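Take a look at the structure set out below.
Everything numeric here is computed off the predicted structure, so don't read it as measured data.
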Amino acid sequence: MGWMTRLIGLLSLMLVCVGCAGSGGDVKFADESIVVSGDRVPYAVYTPANYDTTKKYPAVVFLHGLFEGGSDGKSQTRVGIGPAIQKDPSKWNCIVIMPQTPSNWQKPESVELAGLVLDDAAKRYSIDPKRITVTGLSNGGAGAWLLGAKYPGRFAGIAPLCAFSEYGAVSGLASTPVWAFHNGGDFVVGSGGTKEMVKRINEAGGNATVTIYGGVGHNCWDKAYADSEVIAWLQNPKRR
């Protein structure tokens, strides 16, 4: 792929992300933070309207895309799962944890940060430790592969969307159900890597499946996160 093609793809991704940024709804996300190496790092949390601290809830960890990174604690709520929750919160009877990295999710320190945020949220919120899933889009999808592999057995399911491949993570993903998503016409991050990840995970004895949408472009997340079956799976993943 030449530099011009890569540039066009990058610019297209930026336009897609800006175009899909949510304008905000009635649902308010809680502002939380942890201290890492002396720095305060913010993250956001969604709890359902009927949240009851005497009950245990499934939890979803969402890892944002590259352009939602930073330290404002807000950008990661505006693309992907955040707008999906705003559109129909009644479907999301779970706790959603949205960390934010100032870098990118393919770096070891960012993956570690996601784990630390989950640890902190588990202390603050009534989370069922047996029903925690991780999902993410694009660079965050790569982070979902890496986070699941770093903590095998911790997650009940992993759902990367339009993700960069991470073949080195395959052995750590064989014990966790995976449902991956991609557009067949994604010209920013090709779907071939996702298909190959699923193939290799299954060859390693895992349980992975992939849904390839017929869409063109990078954004498969609006469709996936609006799908009642996907939302239900994130809250109660099953072998497919």
Once the angle between the rings of W233 and W179 is folded into 0 to 90°, is it parallel (under 30°), tilted (30 to 60°) or perpendicular (over 60°)? perpendicular

Student check: side-chain heavy atoms of P89 and Y46 closer than 4.5 Å
yes

message: Under a 4.0 Å threshold between the charged nitrogen and the carboxylate oxygen, would K55 count as salt-bridged to D128?
response: no

S138 side chain near H218 side chain, heavy-atom distance below 4.5 Å: yes

Would you say Y43 and D120 are linked by a side-chain donor-acceptor pair, where the criterion is simply a distance under 3.5 Å? yes

A174 and A204 have their tightest heavy-atom pair at CB-O, 3.8 Å

Scanning both residues in full, the closest heavy-atom pair of P152 with G172 reads CB-O, 3.7 Å

*asked:* I'd like to check V96 versus C94 (side-chain heavy atoms, cut-off strictly below 4.5 Å). Are they in contact?
replied: yes

G157 and P237 have their tightest heavy-atom pair at N-CG, 3.9 Å

All heavy atoms of D186 vs all of C162, minimum pair found to be OD2-CB, 3.7 Å

field: ILVMFWY cluster, V61 and I34 together (side-chain gap under 4.5 Å)
entry: yes

query: When clusters are formed by joining ILVMFWY residues with side-chain heavy atoms under 4.5 Å apart, either directly or through shared neighbours, do V210 and V216 land in the same one?
result: no

Could you tell me how the ring of F181 sits relative to the ring of Y213: parallel (under 30°), tilted (30 to 60°) or perpendicular (over 60°)? parallel

- Item | W105 reachable from V170 in the ILVMFWY side-chain graph, under 4.5 Å edges | yes

| Is a donor on one side and an acceptor on the other found under 3.5 Å between the side chain of N183 and the backbone of G185? | no

### Task
Report yes or no: is the cationic atom of R200 (NZ for Lys, CZ for Arg) under 6.0 Å from the centre of the six-membered ring of Y167, at an angle within 45° of the ring normal?
yes

* Is the closest side-chain heavy-atom distance between Q106 and N139 below 4.5 Å? -> yes

Review point. Does a donor on one side chain and an acceptor on the other come within less than 3.5 Å for N93 and Q235?
Key: no

Rounding to 0.5 Å, atoms CG (L63) and CD1 (I81) come to a distance of 10.0 Å

>> With a 4.5 Å cut-off on side-chain heavy atoms, are Y151 and L118 touching?
In response: no

Which of Y125, W92, Y51 passes ring pair (Phe, Tyr, Trp, His ring centres under 6.0 Å) with Y57? Answer is Y51

Q: Without swapping roles, check the side chain of Q100 against the backbone of E68 for a donor-acceptor pair under 3.5 Å.
A: yes

Between the side chains of S75 and H64, is a donor N or O closer than 3.5 angstrom to an acceptor N or O?
no

Review point. Is there a side-chain contact between S110 and K107 (heavy atoms, below 4.5 Å)?
Key: yes

Carboxylate-amine/guanidinium contact D119 R154, below 4.0 Å:
yes

If only atom types and distance count, is the side chain of D88 paired as donor or acceptor with the main-chain N or O of A226 below 3.5 Å?
no

Shortest non-hydrogen pair, A156 vs T176, comes out as C-CG2, 4.0 Å

Ignoring hydrogens and geometry beyond distance, is a side-chain donor-acceptor pair present between H182 and T194 at under 3.5 Å? yes

Result for salt bridge (charged side-chain N to carboxylate O under 4.0 Å, His left out) between E32 and one of R124, R40, K123 points to R124

Between the CG atom in D39 and the OG atom in S71, the distance rounded to the nearest 0.5 Å is 9.5 Å

Quiz prompt | Sidechain-backbone polar pair: N202 side chain, A208 backbone, donor-acceptor under 3.5 Å | solution = yes

Q: State, yes or no, whether a side-chain contact exists between P83 and R78 at a heavy-atom distance under 4.5 Å.
A: no

Contact between I97 and V117 at the side-chain level, heavy atoms closer than 4.5 Å - yes or no? yes

Looking only at the side chains, is there a donor atom on one of D26 and Q86 sitting less than 3.5 Å from an acceptor on the other? no

* Asked: Hey, any chance I212 and M197 share a hydrophobic cluster, counting ILVMFWY side chains that come within less than 4.5 Å of each other, even indirectly?
  -> no

- [ ] Find out if a path of hydrophobic residues (ILVMFWY) with successive side-chain heavy-atom gaps under 4.5 Å connects F62 to V230.
- [x] yes

